[in-house]
There are 2 protein chains.
Amino acid sequence: MDTNSTTQHTPSQPTNLINCQTCRMSNLCLPLAIDAQELYKLDELIRHSNPLQPRETIFSSGTPFTSIYAVRSGSVKSFFIDPDNHEQITGFYLPGEIFGWDGIAEDQYQTTAIALETSSVCEIPYDKLEQLSDTLPEIKRHVMKLISREINSDQQFIALLAGFSAQQKLASLILSFSDRMARQKRSPTRLWLPMSRIEISNYLGLTIETVSRVFGRLHKNNILKVNKREVEILDKKRLENLTTTSGN
Amino acid sequence: MDTNSTTQHTPSQPTNLINCQTCRMSNLCLPLAIDAQELYKLDELIRHSNPLQPRETIFSSGTPFTSIYAVRSGSVKSFFIDPDNHEQITGFYLPGEIFGWDGIAEDQYQTTAIALETSSVCEIPYDKLEQLSDTLPEIKRHVMKLISREINSDQQFIALLAGFSAQQKLASLILSFSDRMARQKRSPTRLWLPMSRIEISNYLGLTIETVSRVFGRLHKNNILKVNKREVEILDKKRLENLTTTSGN
DNA sequence: AAATCGAACTGATCTAAATCAACTCGGGGT
DNA sequence: ACCCCGAGTTGATTTAGATCAGTTCGATTT
C-alpha cells in the first residue's frame, strides 16, 4: 500500500508526461554519466506503461522476447513453472531494478513476470536499445554491467540457498530488502513486504510454517517487529550477525 | 584423466598453432554464422594459454576484471568464499562453456575460478571483445546470448536448490553432465566426474554422506553404475523421472 | 610389502525443517 | 451483523538429511 504511493500515476495521465528526466529511480537504472542530450534519446525509446494491477502479467514464459523492463513503482516477481506445474520464484524486483534479461538467449522469455501490487514499469524494446547502444558507448557499457549484476545477484542467491539455514535465509532476505529500500531513499528500517508468506517460503526453499516461526523468533528476540507484512528492523547489528555461520 | 586426452596440448607446442579454426569446441562458444574472415579476427584477440595444472587458479575473487574465458579442454569450477571463510561453488564449466561474466559489473571478479583437472582455457580480453563487437554485430549478439544463457542456467539452478530433494538434485546434475557431454560429441552415458564428492555436495547444498548414499541407492536400483568418479547411466528414462516431483 | 593418507562408503543417532492439524484474525460479500 | 475465506500463526509429530563414528579402498611413499 504505502510502498508506491509517492510514485503513483493515474491511468488518465498522458504517458508522455512520465519520462526518465523526472523519474526518481533513473539514477539507479541509468548510467550516472549520461548527459541530457543522451537521456533524451533514451527516453524516446522507453514505453512508460499505465499502472499494472496486482497480479497483472508483464510477460509470460515461452512468449517472444521483445523488451527488458525497469520497475518504476511497486514490485514484481519472476518465476518458472516446471513441467510438474510447480512454481519456483527466481526473483523479486523493486523500483529502479531491471528484469527480463532471461529472454535474450532463446529469443523468448524463460520466466513469467507479474506485478505483486499496483505497479508501473518502463518497457525498453531490446532492438531499439541495441541500436542506441551502437551510437552511445556509455549505454552499451552500462547495459553489460546491469546484466553482469543480475548474474552476481543470482550467484549470491545460489550461495544462500545452498549453504544457509532457514534463519540465515530470512535474515538475508530482510537485509537485502532494507538495502534496496535505502537505495530508493526510503526508510531502511520500516519495511512493507509486497509478497505473501507463501511467496517468501517458495523463494527461500522453505515452508510457510518455517518462515512464520522464524519471524516469530526474531520478533520475540527483539530483532524485528513483525506484523503480517509490516517488518521493522529493531537491531540491525544482530540481524547481520545472524546471516553469518558464526553468528548463531 | 580420459576427459581431456583428445584435446591435450603439450606445453612446448607453439600457442599460435592452437586457434579457433581447428578447435573442436568452437561451434559451442562461437556463433555458427560467423564467416572465415571474421573468425580470423576473433582468433587474433584470443590468448590460448598453456595447459593448466589441476587446482591452478584462472582468476581470483577481488582481482581486476580483464577477460572472460572459454574452456577448451578439462573442466573448471567457480566459487565464492564468504566472510566466514566458507567456500560455495557456483558453477562447473566444461569444454565449450564460457565463464567470468561476473567480473563486468564491478570491474573485478566476484568469484574465483580454478581448474579441476589438467585443462586448457582460451582467454578473451574483454576490452578487445568490446571493440570487435562494435564492428561485428554477429559477435555482439552472440555475446549477449551467452550472458543471457548464464542467467538462465543460474536461475534453473536456483529452482533446483530451492525446491528439490537430494535425489532430484543429484539426478539433475548427472543429466546435466550427460547433456553437456553429448554437446561435446562425447558419450552421454559413460561419464567421468571431474569433481570430488565434497565439491558435488557443496554445489548441491548437501553433505558428502548424503551424496554417497543417493549414489548408492541409484546404483542399487540399476539406474546408475557408480564407481568413485565413474558414472554410467543405465536407465536414462527412470533417471529423468526422478527429477520430477511426481517421479518418486 | 608395510605404512600412510585422502576419498569414498556405510551405519547409528540426532535435529532442523517438513508435515499434519487446529486456530486466529481481518476484511469482503450478502 | 453474520458468514466466509484466505493469510498468517502456533502446536504436535514425523522425516529427510545432517552429524558423528568408524571402515574400506586404492594410490603413494618408504
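Here is how names work: the chains are called A, B, and so on, in the same order as the sequence lines, proteins then strands, and each is numbered from 1.
Rounded to an integer number of Å, the gap from NZ of A:K228 to P of C:dG27 is 10 Å. Distance CG (A:L170) to C1' (D:dT9): 14 Å, rounded to an integer number of Å. As rounded to whole Å, 14 Å separates atom C1' of D:dG11 from atom CD1 of A:I208. Counting to the nearest Å, the P atom of C:dT24 and the CG atom of A:N227 are 17 Å from each other. When rounded to the nearest whole Å, the span between CD of A:Q168 and P of C:dA16 equals 12 Å. When rounded to the nearest whole Å, the span between CD of B:E199 and P of C:dA8 equals 9 Å. Taking atom CD1 of B:I198 as the reference point, atom C1' of C:dC5 lies 13 Å away to the nearest angstrom.
A:L206 comes within 4.0 angstrom of sugar-phosphate atoms only, judged by non-hydrogen atoms across all strands, and of no base. At the heavy-atom level, B:S212 lies under 4.0 Å from base atoms of the strands shown. Base engagement by B:T207 is indicated by at least one non-hydrogen atom pair under 4.0 Å involving a base atom. Residue-level contact check: A:R217 touches neither bases nor backbone, having no heavy atom under 4.0 Å from any strand.
Listed candidates were D:dG8, C:dA8, D:dA18. Nearest to the side chain of B:R197 is C:dA8. In this structure, the nucleotide among C:dA8, D:dG17, D:dT9 sitting nearest to the side chain of B:R229 is C:dA8.
B:I233 is listed as a side-chain neighbour of B:I174, based on a closest heavy-atom distance under 4.5 Å. Here the side chains of B:V76 and B:F92 are not in contact, with every heavy-atom distance at 4.5 Å or above.
Checking the phosphate oxygens (OP1, OP2) of C:dA18, a side-chain nitrogen or oxygen of A:T210 falls inside 4.0 Å.
Under the 6.0 Å cut-off for aromatic ring centres, B:F59 and B:F65 do not qualify, their centroids lying 6.0 Å or more apart. Taking the six-membered ring where the residue is Trp, the centroids of B:Y69 and B:Y93 are separated by 6.0 Å or more.
Annotation: of the two residues near DNA chain C, A:G205 and B:M195, the 5′-most nearest-nucleotide partner is B:M195.
Checking side-chain atoms of B:T243 against main-chain N and O of B:S172 turns up no donor-acceptor pair under 3.5 Å.
The base of D:dG8 does not come close enough to the side chain of A:R213 for any donor and acceptor atom to sit less than 3.5 Å apart. Between the base of C:dC9 and the side chain of B:E209 there is no donor-acceptor pair shorter than 3.5 Å.
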